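All figures in this text were calculated on a predicted structure; none of them were measured in a lab. Sequence lines set the chain letters: A, B, ... in the order given, protein chains first and strands last, and positions in each chain run from 1.
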Amino acid sequence: MSKGVTPRSQDYARWYTDVVQKAELADYGPVKGTMVIRPYGYSIWEALREAFDMRFKATGHVNAYFPMLIPKSFLSREAAHVKGFAKECAVVTHTRLMADPDGNGVVVDPDSKLEEELIIRPTSETIIWHMYKQWINSYRDLPILINQWANIVRWELRTRLFLRTSEFLWQEGHTAHATSQEAQEETERMIEVYREVVEDEMALPVIVGRKTEAEKFAGAVDTFTIEAMMGDRRALQCGTSHYLGQNFARAFEVTFRTQDNDQEYVYATSWGVSTRLVGAMVMAHGDDKGLRLPPRVAPIQVVIVPIFRDESRDRVLQTATSLTDGLQKVTVRVKLDDRDTVSPGFKFNDWEMKGVPVRLEIGPRDVEQGVAVVVRRDTGEKQSLPLDQLAAKLPALLEEIQTSLYQQAVDFRAEHTQRPGNWEAFKTLMKAGGFARCGWDGDPETEAAIKAETKATIRCIPLDENPSGLKCVYSGQPAKYEVVLARAY
RNA sequence: CGGGGCGUGGCGCAGUCCGGUAGCGCACCUGCUUUGGGAGCAGGGGGUCGUAGGUUCAAAUCCUAUCGCCCCGACCA
């Protein structure tokens, strides 16, 4: 492995790819656009999944699993939805392979062609609503609050590890309600859950808002989003929650009897976050030494690197081992790196690349004095602390690092967010990179023109918008909305 | 799908113009010395040069075909 990563300032895209691979988060799969999530990357995903899952359950949801293969006909039900996904669906046409009659290898058995082709889910709305039709008869059957953790496939052209791959892992919540109001409350409840996890656990500040007509989910009435700023000042959509109205209920003919014995279509929501969030953490917190993980989701919070010569080996390792045991008792996720095959210097760099929040160095001198060198990954700051105080002090230090990473991200975003007063200032900002908060006249043509001229999109209409007195940054007309614009991933 | 580029040990590349014993760096293995910021030295293993034809005494190199991949332009968590 060559040393280090490409500096961010030199080539941000390459820096990202370098970090993902060198921190052993993921690797490329053999099929274009596919990704192997390696154990270290997967354990980060597990931490995120746990943080979300406990909150889903606390808000009344249950997990279930629906099939990956979907009859092709299901996709022709909801017009807008089809339009959104048809172009990127993988299709299963045959069910068998056979030995190649002309020589080596295998070929598709032409006799195994399916009568109805199957598609691999690009999202599960259709199959879930097919099932909901069978499960819902009465208002007594509502609400249904189901979530599933699954993989999905979208045949993407331009792919990047975690950010956009042909197959990815995610969570999709699909709920059915008796009233529009209840479904809308659910939509907003879940975007708030997303905000909480991303900000509190991932230390990543987000802007909560609604998507414009052009940017919302195919088939949704209303889409809520959380948007974060990455290290190159571009925006990344980190999670979405959709109010689907009765669109899917109509498409799949899901009706229920009300208390008054009327027949009505069910109201729906869906919401999801994906492994893209792992990429978001890399890009939001990483530096030229690699990853910087927020302690709450770091698979390893504290790594202990022993430093010894032959004659001091036993003493140092004994101290390091008992320190490891002691810290594990205060529920710090700690790892003793006792590898004999690499040097301490290599380990320092290795764990910095992997973003471990705190490193403890223990050498012969430290053992003599009963101390350890404590190094923060976020600031690089070093200090010596007595061994017997570590168990008491480390939990607080980890919380401090968590807060510090969040604050650094908040400050960075603030530095690169402006309110451009005119079109020229806006263009300059978009070219330099950053978030623009400004007025929009609400016209889709204006939105399209802005995108065509600057590649910037309306990331969202923030919940705390206030358009009064604002003018549209493009047309100069009175603003109908206050929006956040940026170039996005 | 339009434009540009590349296929040579695990990874990154040189060699191709001008045919003549397949090389370099990293990684890997063994040994010794090392270990407080990516250790040093010595030795070692590993490639039918994307594939298939052709030209030639001889092809990584020339010719033809073919496959695959990457980058840039219209969509997306």
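Ion pairing of A/E188 with A/R195 is absent here, as no side-chain N (NZ or NE/NH1/NH2) approaches a carboxylate O to less than 4.0 Å. Using a 4.0 Å cut-off between charged nitrogen and carboxylate oxygen, A/R292 and A/D378 do not count as a salt-bridge pair.
Looking at heavy-atom distances under 4.0 Å, A/K382 makes contact with a base. The residue A/G272 sits apart from the nucleic acid: no heavy atom pair falls under 4.0 Å. Residue-level contact check: A/V305 touches neither bases nor backbone, having no heavy atom under 4.0 Å from any strand.
Between A/P295 and A/Q301, the shortest heavy-atom contact is O-NE2, 3.0 Å.
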Legend entry - B/S/- contact track for nucleotides 71-77 of chain B, protein heavy atom under 4.0 Å: -S-B-BB
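Distance A/Q21 CD to B/A27 P: 17 Å, rounded to the nearest Å. Taking atom CZ of A/R313 as the reference point, atom C1' of B/G36 lies 17 Å away to the nearest angstrom. When the C1' atom of B/C70 is taken as reference, atom CG of A/D11 falls 14 Å away, rounded to whole Å. Rounding to whole angstrom units, CD of residue A/E24 and C1' of B/A27 are separated by 13 Å. Atoms NZ (A/K22) and C1' (B/A27) sit 12 Å apart, rounded to a whole Å. For A/F346 and B/G38, the CZ to P distance is 12 Å, given to the nearest whole Å. For A/D337 and B/G38, the CG to P distance is 15 Å, given to the nearest whole Å. One atom, OH of A/Y28, and another, C1' of B/G10, lie 17 Å apart when rounded to the nearest Å.
Exactly one of A/R210, A/E213, A/K216 qualifies for a side-chain contact (heavy atoms from CB on, under 4.5 Å) with A/T223. That residue is A/K216.
Remark: B/C17 base-pairs with no nucleotide in the shown strands. Criterion, Watson-Crick or G-U wobble with two distances under 3.5 Å. The partner of B/A60, taking Watson-Crick or G-U wobble pairs whose two distances both stay under 3.5 Å, does not exist in any strand shown. Pairing of B/G9, defined by two Watson-Crick or G-U wobble distances under 3.5 Å, is not identified with any nucleotide. Using the Watson-Crick or G-U wobble rule with both distances under 3.5 Å, B/C28 pairs with B/G44. Here B/U35 sits opposite no nucleotide as a Watson-Crick or G-U wobble pair (both hydrogen-bonding atom distances under 3.5 Å).
Note on A/S343: a side-chain N or O is less than 4.0 Å away from OP1 or OP2 of B/A39.
Residue side chain A/R359 reaches the base of B/G37 through a donor-acceptor N/O pair under 3.5 Å, judged by distance alone. At a cut-off of 3.5 angstrom, the base of B/G38 holds no donor-acceptor pair with the side chain of A/D350.
Taking the centre of each ring, A/F52 and A/Y194 come in below the 6.0 Å mark.
With both ends at atom C1', the span from B/G12 to B/C17 equals 24 Å, rounded to whole Å. For the C1' atoms, the distance from B/U16 to B/U61 is 4 Å, rounded to whole Å. Taking atom P on both B/G45 and B/G4, the two are 45 Å apart, rounded to the nearest angstrom.
Looking at heavy atoms from C-beta onward, A/R55 lies out of side-chain contact with A/E192 at the 4.5 angstrom threshold. At a threshold of 4.5 Å between non-hydrogen side-chain atoms, the residues A/Y16 and A/R160 count as touching.
The side-chain tip of A/R315 does not point at the ring of A/F308 from less than 6.0 angstrom away and within 45° of straight on.
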